[in-house]
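Written below as structure tokens is the structure these notes are about.
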Amino acid sequence: MKYYIIAGEASGDLHGSNLIKALKHKDSKAEFRFWGGDLMAENAGNEPVKHYRDLAFMGFLEVAKNLKTILGNIKFCKQDLKKYQPDVLILIDYPGFNLRIAKYAKSLGIRVVYYISPQLWAWKEGRVKTIKKYVDDLLVILPFEKDFYKKHGVEAHFVGHPLLDAISDLPEFDLQKFKSEHHLNEKEIIALLPGSREQEVEKMLKLMLSVRPHFPEYQFVIAGAPSLPKDFYEKYVDKNVHFVSNKTYDLLRCSKAALVTSGTATLETALLNVPEVVCYRGSKISYAIAKRLVKHIKYISLVNLIMDRETVKELIQDELTTENLATELRLILNENRNKILSDYEQLRKKLGGKGASANAAKIIVNP
């Protein structure tokens, strides 16, 4: 079969790469054309049509400023899809773009699979109608999503969470070798995961690094995003602030705690058993718009949403201050640590074990 896959962000590239691996296992003659990144390229054996770093626009203002580029990408994608004529189109999250392509693919008679549903339970619930109309198979990765869609008359398949696959496949880890390779000292590590987009990273890193004077006994290590060049991070690095590029999982495996920008990384950090503080601050305008549009949900981190209670501390917008960050970081390094690690065990059970990529591939190849 011929597969056309669209992932518009770093997390989609990771999940897309594992899905490609699973599809090849089920379909030895599989052919792939895709929008994604380096991980998908590695498993597919060919380059992406477009790299996700040229697609990821965050926030209402950034989207508005880049509307011409976004519309140009949609037009190009439609032309490319028509020319390639795949047996199946697989969409990975990235709803603003992917739902438009789903509608067009359906008009061409192409089967549409949505893997990793948009978070419609948080906002834009009206998009469920679009999914119902244009998506043939909906594969969800969060346990509560199946019930959400059922309520709207859509039959979704819960396949498990692909991060469990990615983490269970990690090779053996040598702490001393990692420290030596990245010139880290013997102090315990606090990992900083500031995100993957330039504006977001600059804003979050300044805030995260502002707690340094409170923790002189630790070294801080920035997890560099593959979408940003190494020299972008140089202004933040000194003898007690280090930088590791494209090795986030290895960094987390040797960290005592982490400060993490809201997103998929909050769940990755929890599944790697690292106590964390979740951070988020957008522009005042974007945040005000989001507050009006987002339905009433209690949490922004996947960890808390899945657990349906505050398992990790979230510091959002005006609550994200140096003082609050320092207080919460001190708590997860000391008295709250064991409680968080115990909660993480329950989190893994709720996500249902590994096998998401294989489960998804089975449905895609044999509907």
Side-chain angles (χ1 to χ4, degrees), residues 10-11 14 142 161 163-164 166-167 170 173 175 184 187-196 200-201 203-212 214-215 217-225 241-244 247-282 297-317 319-351:
S11 59
L14 170 67
L142 298 171
H161 205 293
L163 279 180
L164 291 167
I167 286 166
L170 290 174
F173 181 65
L175 172 61
L184 305 179
K187 287 181 177 180
E188 287 191 298
I189 294 168
I190 294 170
L192 306 180
L193 279 63
S196 59
E200 173 184 58
V201 171
K203 186 181 290 179
M204 300 310 296
L205 263 184
K206 284 172 189 167
L207 281 159
M208 290 172 173
L209 286 169
S210 70
V211 303
R212 283 175 61 199
H214 299 271
F215 301 92
E217 68 276 32
Y218 292 90
Q219 59 184 321
F220 289 75
V221 185
I222 301 163
V241 178
H242 305 273
F243 162 76
V244 171
K247 294 274 184 186
T248 302
Y249 283 6
D250 284 348
L251 171 59
L252 286 169
R253 288 161 94 185
C254 64
S255 296
K256 182 85 171 176
L259 305 180
V260 186
T261 296
S262 177
T264 306
T266 63
L267 186 55
E268 291 172 309
T269 303
L271 293 176
L272 285 162
N273 234 26
V274 183
E276 64 184 304
V277 180
V278 175
C279 310
Y280 177 79
R281 184 186 281 179
I297 55 170
K298 289 183 280 185
Y299 308 109
I300 63 164
S301 71
L302 284 170
V303 177
N304 291 343
L305 284 164
I306 295 162
M307 294 292 283
D308 197 26
R309 59 185 168 83
E310 190 181 77
T311 299
V312 294
K313 183 66 180 179
E314 299 177 352
L315 294 176
I316 304 167
Q317 209 66 4
E319 290 179 355
L320 183 58
T321 63
T322 302
E323 187 181 345
N324 287 346
L325 258 182
T327 299
E328 296 302 331
L329 180 53
R330 199 169 286 111
L331 285 170
I332 65 171
L333 286 166
N334 299 296
E335 54 259 48
N336 288 359
R337 183 176 183 81
N338 290 338
K339 171 73 169 65
I340 291 172
L341 295 177
S342 171
D343 284 343
Y344 285 173
E345 281 182 41
Q346 292 180 44
L347 175 73
R348 280 187 283 274
K349 285 175 187 167
K350 281 196 169 217
L351 288 172

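Because only heavy atoms are used, hydrogens play no part in the values below, and waters and symmetry mates are left out as well, while side chains stay in. Everything numeric here is computed off the predicted structure, so don't read it as measured data.
- Closest of all the heavy-atom pairs between Pro194 and Ala223 is CD-O, 3.8 Å.
- Within the 4.5 Å cutoff, the side chain of Ile190 has heavy atoms near those of the Leu329 side chain.
- When atom types are taken as modelled, the side chain of Thr327 and the backbone of Glu323 share a donor-acceptor pair closer than 3.5 angstrom.
- Side chain of Asn336 to main chain of Leu331: no donor-acceptor pair is present (N/O by atom type, distance under 3.5 Å, no hydrogens or angles).
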Side chain to side chain contact (heavy atoms under 4.5 Å, CB included) assessment of Ile222 paired with Leu251: CA-CA 9 Å; Ile222 301 163; Leu251 171 59; over 6 Å; no

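- For Lys350 against Met307, the heavy-atom pair with the smallest separation is NZ-O, 4.0 Å.
- With rounding to the nearest 0.5 Å, the separation of CG in Leu184 from CD1 in Ile189 is 5.0 Å.
- Take Phe243 and apply the ring pair (Phe, Tyr, Trp, His ring centres under 6.0 Å) test, not counting sequence neighbours, and it matches Tyr233.
- In this structure, Val278 and Ser301 approach most closely via the heavy-atom pair CG2-CB, 3.9 Å.
- Considering all non-hydrogen atoms of both residues, Ala191 and Leu252 come closest at CB-CD2, 4.2 Å.
- The CG atom of Leu193 sits 12.0 Å away from atom OG of Ser262, with the distance rounded to the nearest 0.5 Å.
- A donor-acceptor contact shorter than 3.5 Å is absent between the side chain of Arg337 and the backbone of Ala257.
- Note that CG of Leu271 is 9.5 Å distant from OG1 of Thr266, once rounded to the nearest 0.5 Å.
- Side-chain contact between Leu267 and Leu347 is present, with heavy atoms from C-beta onward closer than 4.5 Å.
- With Asn304 as reference, Glu314 is the one residue of Lys313, Arg309, Glu314 to meet the side chain to side chain donor-acceptor pair (under 3.5 Å) rule.
- You'll find the side chain of Leu14 reaches within 4.5 Å of the side chain of Leu163, heavy atoms only.
- The minimum heavy-atom distance linking Glu276 with Val303 is given by the pair OE2-CG2, 3.9 Å.
- Using a 4.5 Å heavy-atom threshold, the side chains of Lys187 and Tyr218 count as separate.
- Two residues are said to be in side-chain contact when any heavy atoms from C-beta on lie closer than 4.5 Å; Val241 and Arg212 meet this criterion.
- Counting all heavy atoms, side chain and backbone alike, Arg281 lies closest to Leu320 at NH2-O, 2.6 Å.
- Phe173 places none of its side-chain heavy atoms less than 4.5 Å from the side chain of Tyr249.
- With sequence neighbours left out, the side-chain hydrogen bond (donor to acceptor under 3.5 Å, both in side chains) criterion links Ser210 to Thr322.
- In this model, no donor atom of one side chain and acceptor atom of the other lie less than 3.5 Å apart for Glu310 and Tyr299.
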Step-by-step side chain to side chain contact (heavy atoms under 4.5 Å, CB included) determination, Val211 to Glu328: CA-CA 11 Å; Val211 303; Glu328 296 302 331; over 6 Å; no

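- Within 6.0 Å of the CD atom in Glu335, the count of heavy atoms belonging to other residues, nucleotides or ligands exceeds 12.
- A distance of 9.5 Å separates CG of Leu272 from CG of Asp250, quoted to the nearest 0.5 Å.
- Ile332 CD1 to Lys256 NZ: the interatomic distance, rounded to the nearest 0.5 Å, is 10.5 Å.
- Using modelled atom types, one side-chain atom of Tyr344 and one backbone atom of Val274 make a donor-acceptor pair closer than 3.5 Å.
- For the pair Leu325 and Cys279, the minimum side-chain heavy-atom distance is below 4.5 Å.
- Residue His242 holds its NE2 atom at 11.0 Å from CZ of Phe220, rounded to the nearest 0.5 Å.
- Between Leu259 and Met204 there is no side-chain heavy-atom pair separated by less than 4.5 Å.
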